[in-house]
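Following: one structure in structure tokens, then a few remarks.
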Amino acid sequence: MSGNRTFTMIKPHAVLANQIGAITQMIEAGGFRIVAMKKTKLSASQAGKFYEVHKERPFYGELCEMMSDGPIIPMVLEKDNAVEDFRALIGSTDPAQAADGTIRKAFALSKSENAIHGSDSDENAAIESAFFFAVTDQY
Ligand code: GTP
Ligand code: MG
């Protein structure tokens with residue numbers, strides 16, 4: 001059975017565009033409870049560590065630069081079937097292919113600056129949550 005938690009981050013361009021409120025409103029309206037949330041900033045090396053799974057991909061350098069370019073909002077979210085349902089709420093990686101009503105359709109600027117991250121498995125959701133939050137930070 002799939003788990004009830006996932007991990008997300010609002011990406012720097014969306015934070016700098018004052019879209020935190022609009023995006024968290026869509027997250028809550030989508031039935032997710034925000035379990036943990038903070039504003040922080042990744043160094044280039046922290047971004048490199050977070051996205052280590054992508055280190056062989058051609059866009060890895062650009063991705064790490066973009067993610068360390070400004071503040072981010074990491075969050076742990078709770079809902080039944082959280083990982084899959086949240087991927088549906090954020091939409092396709094490329095905003096040109098994101099469905100109407102998704103967060104990326106509304107706020108992504110490009111395939112790189114696509115507003116928000118969503119974990120792709122229960123296992124990665126747990127690893128990514130632990131990158132930013134202690135278990136005791138979660139309510
Ligand atoms: P995340 O939820 O952020 O993990 O996105 P995703 O699962 O939809 O995509 P993926 O894990 O394949 O890629 C991780 C991130 O790398 C994306 O969200 C983009 O920010 C960036 N990215 C993906 N593909 C490209 C690309 O072709 N070019 C560039 N510049 N960035 C990309
Ligand atoms: Mg991904």
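Counting convention: from 1, in listed order, for ligands and their atoms alike. One is the number of the first residue; the rest follow in order along the sequence.
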Are K111 and D94 within salt-bridge range, i.e. N to O under 4.0 Å? no

Residues in contact with ligand 1, criterion: heavy atom under 4.0 Å: K11, Y51, H54, R57, F59, E62, L63, M66, R87, T93, R104, K111, S112, N114, H117, G118

Between F7 and F86, is the gap from one ring center to the other below 6.0 Å? no

Please report the closest heavy-atom contact between A88 and T102, naming both atoms and the distance. O-CG2, 3.6 Å

Any pair counted as ring pair (Phe, Tyr, Trp, His ring centres under 6.0 Å), so long as it reaches residues 61-84, sequence neighbours left out: none

Evaluate the ring planes of H117 and F50, with Trp represented by its six-membered ring, and classify them as parallel (under 30°), tilted (30 to 60°) or perpendicular (over 60°). perpendicular

Identify whether NZ of Lys or CZ of Arg in K38 sits under 6.0 Å from the centre of the six-membered ring of F133 and within 45° of that ring's axis. yes

